[in-house]
Amino acid sequence: MFFLCDASGFYSSAEKVMRPDLRKKPVITLSNNDGCVVAVCPIAKRLGIKKFVPYFQVKDVVEKYGVTVTSSNYELYHSLSTKMMDTIGQFADDVYVYSIDEVFARFNTALSHESWMALGREIRKTVWKEVRLPVGAGGGLTPTLAKAASHAGKRLPGYNGVAVIHSEQERVNILEQMDVTDVWGVGRRLGQKLRTLGINKALQLSQQSPARIRKQFSIILENTVRELNGELRIHWDDVRPDKQQIYSTRTFGTRVTTKAELHKAITGHCESAMRKLRKQRGLTKAITVFASNSPHDDARYYRKSVYHQFAIPTMDTRIVTNAIPAVIDKIYKPGICFYRCGVGLVEILSAANYQADLFAENKDNPKLMNVLDAVNDRYGKSTLQIASKGFTKTHEMKRQFITQRATTRWSDIPTIQC
DNA sequence: TCTGGGGTCCTAGGACCC
DNA sequence: TCTGGGGTCCTAGGACCC
């Protein structure tokens with residue numbers, strides 16, 4: 001049995017952990033640069049505020065109902081996420097952390113439907129008691145069914161956050177009430193295509209012939225169909241599979257127009273992407289570097305991406321950043337107000353399997369990179385950095401409503417006045 | 001007054017080469 | 001001289017997830 005546990009409106013609910021006075025009030029949380037709404041607490045949901053809409057579009061509702069708005073405080077969320085995952089992990093034989101607020105828990109035992117429901121409620125209660133986060137729990141024989149149950153637990157009447165798909169009757173009951181686009185892995189576009197075939201509900205998708213779905217769509221959707229029928233297709237190992245591509249990208253707080261500023265930002269993205277690469281003990285053969293203005297600006301849309309290959313696969317940040325000036329020359333265009341840029345490591349191989357070329361001169365310095373990573377892990381990002389990133393924070397992120405990092409900084413510990 | 005996220009994977013199609 | 005198939009590399013952009 002799999003359970004999917006996730007927090008409702010995680011970022012916003014995390015803010016309430018430190019602000020119990022807001023517990024019964026609506027809270028929403030914004031993305032980087034305070035651009036979009038990315039989390040909506042259950043109370044704010046009832047006001048009709050949707051995720052992923054630009055903040056300025058909900059400002060009226062925010063003011064009308066006195067909704068509390070916060071910027072994203074990742075330090076706080078990561079620390080609360082860890083506590084939440086640890087708490088849930090104590091129940092399960094095995095867990096797989098899927099995202100900051102979602103975890104799959106695996107159980108190797110057989111229980112009755114009622115006992116699974118009781119377990120779900122127990123998890124929910126315990127996480128609330130220990131971390132003060134509202135979580136839902138959905139159980140099923142496959143991860144896709146667990147996801148569906150979790151959806152039902154939250155959206156369908158009568159479940160109160162916990163649902164289990166154990167019997168055929170329960171499976172049919174829940175899937176026939178679920179829109180096909182609510183199935184894990186079916187987005188807007190696939191949904192449209194399925195609808196033209198008359199497949200509107202999750203149950204209908206589960207009744208399709210897997211072979212036909214594979215032919216008409218993909219092996220991925222075939223697996224979804226099989227999982228909806230209780231056939232296990234999604235597996236995970238103890239370790240998360242290595243990424244095939246790693247990206248670091250961000251929008252600027254204010255538009256960037258000079259080559260020097262663009263260079264600094266891209267250097268920073270090289271640093272963080274390469275840090276992630278070394279975490280999975282990888283080497284990269286090629287990168288793409290890209291920058292664009294905003295599609296919402298009046299100016300014509302400009303987007304440029306440049307692919308750059310290295311003679312020898314590398315894990316050394318310096319090798320990558322040394323290639324940047326030449327790449328930037330191909331991207332930068334005077335007069336463009338750059339809004340976003342980023343770096344992707346797009347051809348990754350594993351250092352363990354890589355057979356080095358005896359005759360090539362490898363300039364990587366793994367020891368230096370180890371020191372770089374160790375120092376930055378211990379003393380904070382950019383304690384040691386590549387000089388071309390610059391030492392002044394010129395393109396700082398807009399975070400008008402940032403809260404205290406109450407669980408990770410001595411200086412931010414909340415005080416209680418009696 | 002101005003304001004529109006981030007990450008990963010996949011693929012169509014053009015450019016280029018043989 | 002004109003015409004042609006097939007492969008690889010690269011870029012843009014779509015699709016999905018949160």
Side-chain angles (χ1 to χ4, degrees), chain A residues 4 6-12 28-40 50-60 62 69 71-72 74 77-78 81 97-104 143-144 147 150-151 180-194 217-221 223-224 234 240-255 269 272-273 276-277 280 285-298 301-309 327 330-331 337 339-348 397-401:
Chain A
L4 176 81
D6 66 339
S8 8
F10 177 63
Y11 294 173
S12 301
I28 63 172
T29 304
L30 305 181
S31 65
N32 285 336
N33 287 317
D34 295 338
C36 285
V37 177
V38 286
V40 183
K50 297 262 185 294
K51 267 207 270 191
F52 307 120
V53 298
Y55 171 48
F56 69 89
Q57 287 179 10
V58 299
K59 250 183 173 169
D60 288 349
V62 163
V69 179
S71 301
S72 285
Y74 296 108
Y77 309 152
H78 274 117
S81 169
V97 176
Y98 177 69
S99 74
I100 192 165
D101 78 316
E102 279 178 286
V103 58
F104 286 104
T144 307
K147 270 268 195 186
S150 152
H151 179 268
V180 72
T181 49
D182 292 329
V183 174
W184 191 31
V186 179
R188 213 189 64 229
R189 201 59 192 270
L190 263 178
Q192 256 175 25
K193 248 176 117 180
L194 288 167
F217 295 89
S218 66
I219 188 168
I220 300 169
L221 195 62
N223 286 338
T224 302
I234 296 172
R240 198 170 267 267
D242 284 345
K243 303 262 185 287
Q244 296 174 49
Q245 301 186 325
I246 292 171
Y247 284 82
S248 172
T249 161
R250 208 117 303 174
T251 51
F252 295 113
T254 49
R255 302 286 190 269
H269 290 307
S272 58
K276 290 186 210 168
L277 179 72
Q280 70 172 48
K285 266 203 302 197
I287 58 172
T288 60
V289 180
F290 49 92
S292 68
N293 62 3
S294 166
H296 310 293
D297 281 358
D298 287 337
Y301 184 52
Y302 175 84
R303 178 189 199 274
K304 179 87 177 155
S305 102
V306 170
Y307 183 79
H308 179 91
Q309 268 188 326
V327 169
K330 295 187 199 162
I331 293 175
C337 294
Y339 160 74
R340 168 199 295 281
C341 73
V343 171
L345 314 179
V346 289
E347 279 186 56
I348 292 175
M397 210 184 281
K398 192 173 154 197
R399 283 179 162 189
Q400 205 188 330
F401 313 106

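So that the names make sense, note that chain A is the first sequence line, chain B the second, and so on, each numbered from 1. What you see below is based on every heavy atom in this structure, not just the backbone, and it leaves out hydrogens, waters and symmetry mates.
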Is A:Trp184 close to A:Pro143 at the side-chain level, that is, under 4.5 Å between some pair of heavy atoms?
yes
With a 3.5 angstrom cut-off on both distances, give the Watson-Crick or G-U wobble partner of C:dC18, or none if there isn't one.
B:dG5
Heavy atoms under 4.0 Å, any strand shown: does A:Tyr55 hit a base, just sugar-phosphate, or nothing?
nothing
Would you mind classifying the nucleic acid contact of A:Lys304 as base, sugar-phosphate or nothing, using non-hydrogen atoms under 4.0 angstrom?
sugar-phosphate
Of the nucleotides B:dG5, C:dC17, B:dT8, which one has an atom closest to the side chain of A:Thr251?
B:dG5
Roughly how many Å apart are C:dG4 and B:dC18, using the C1' atom of each and rounding to a whole number?
13 Å
Does A:Phe52 stack onto the base of B:dG5, taking stacking as ring centres under 5.5 Å apart and planes under 30° apart?
yes
Whole-Å gap separating P (B:dG6) and OH (A:Tyr339):
7 Å
Does the side chain of A:Gln309 get closer than 4.0 angstrom to OP1 or OP2 of C:dC10 through an N or O atom?
yes
Any A:Arg340 side-chain N or O less than 4.0 Å from OP1/OP2 of B:dG6
yes
Checking all strands, does A:Leu30 fall into the base, sugar-phosphate, or nothing category for heavy-atom contacts under 4.0 angstrom?
nothing
Regarding A:Gln57, tell me which of base, sugar-phosphate or nothing describes its non-hydrogen contacts under 4.0 Å with the strands shown.
nothing
Does A:Ser72 place a side-chain N or O at less than 4.0 Å from the phosphate oxygens OP1/OP2 of B:dG5?
no
Can you confirm whether A:Phe52 sits close enough to A:Val38 that some side-chain heavy atom of one is under 4.5 Å from a side-chain heavy atom of the other?
yes
Could you give the CD1-to-C1' distance, from A:Ile287 to C:dC9, as a whole number of Å?
16 Å
Round to the nearest Å and state the distance from A:Lys243 atom NZ to B:dT8 atom P.
6 Å
Of the candidate nucleotides B:dG4, B:dG5, B:dT8, which contains the atom at the shortest distance from the side chain of A:Ile246?
B:dT8
Taking B:dT8, B:dC9, C:dC18 as options, the one with an atom nearest any side-chain atom of A:Gln244 is B:dC9
Please give, in whole Å, the distance from B:dT11 P to A:Phe217 CZ?
15 Å
Between A:Asp101 and A:Ser99, is any side-chain donor less than 3.5 angstrom from a side-chain acceptor?
yes
Can a side chain N or O of A:Thr249 be found less than 4.0 Å away from OP1 or OP2 on B:dG6?
no
B:dT1 P sits how many Å from A:His296 NE2, rounded?
21 Å
Looking for any heavy atom pair under 4.0 Å, which part of the strands does A:Val53 touch: base, sugar-phosphate only, or nothing?
nothing
For A:Tyr302, enumerate each residue passing the ring-ring contact (aromatic ring centres under 6.0 Å, His included) test, keeping only those at least two apart in sequence or located in another chain.
none
When you get a sec, tell me which of C:dG13, B:dG5, B:dC9 is the closest nucleotide to the side chain of A:Arg303?
C:dG13
Nearest-neighbour nucleotide for the A:Arg255 side chain, C:dG13, C:dC18, B:dG4 considered
B:dG4
Contact nearer the 5' end of DNA chain B, comparing A:Pro54 with A:Ile220
A:Pro54
Of the candidates B:dT3, B:dC10, C:dC18, the side chain of A:Tyr98 sits closest to C:dC18
Less than 4.5 Å apart, any side-chain heavy atom of A:Cys341 and any of A:Phe252?
yes
Is any side-chain nitrogen or oxygen of A:Arg250 closer than 4.0 Å to OP1 or OP2 of B:dG7?
yes
Starting at the 5' end of DNA chain B, which residue's closest nucleotide do you reach first, A:Tyr247 or A:Val38?
A:Val38
So what does A:Gly185 hit on the nucleic acid, given a heavy-atom distance under 4.0 Å: a base, only sugar-phosphate, or nothing?
sugar-phosphate
What is the distance, rounded to the nearest whole Å, between atom NE2 of A:His78 and atom C1' of C:dC18?
12 Å
Of all the choices, B:dT3, C:dC18, B:dC9, which nucleotide is nearest to the side chain of A:Glu102 once you look at every atom?
C:dC18
Rounded to whole angstroms, how far apart are CG on A:Asn32 and P on B:dT3?
18 Å
Taking C-beta and beyond as the side chain, do A:Val69 and A:Val37 meet within less than 4.5 Å on heavy atoms?
no
Answer with base, sugar-phosphate or nothing: what part of the nucleic acid does A:Val183 contact at a heavy-atom distance below 4.0 Å?
sugar-phosphate
I want to check something: taking the side chain as every heavy atom from C-beta on, are A:Thr249 and A:Arg340 in contact at a cut-off of under 4.5 Å?
yes
With sugar-phosphate meaning primed atoms plus P, OP1 and OP2, does A:Asn33 contact a base, only sugar-phosphate, or nothing at under 4.0 Å between heavy atoms?
nothing
Report the distance from atom CG of A:Asn293 to atom C1' of C:dA12, rounded to the nearest whole Å.
15 Å
Quick one: is B:dG5 close enough that its OP1 or OP2 comes under 4.0 Å of any side-chain N or O from A:Arg399?
no
In terms of the angle between their ring planes, are A:Tyr74 and A:Tyr11 parallel, tilted or perpendicular, with boundaries placed at 30° and 60°?
perpendicular
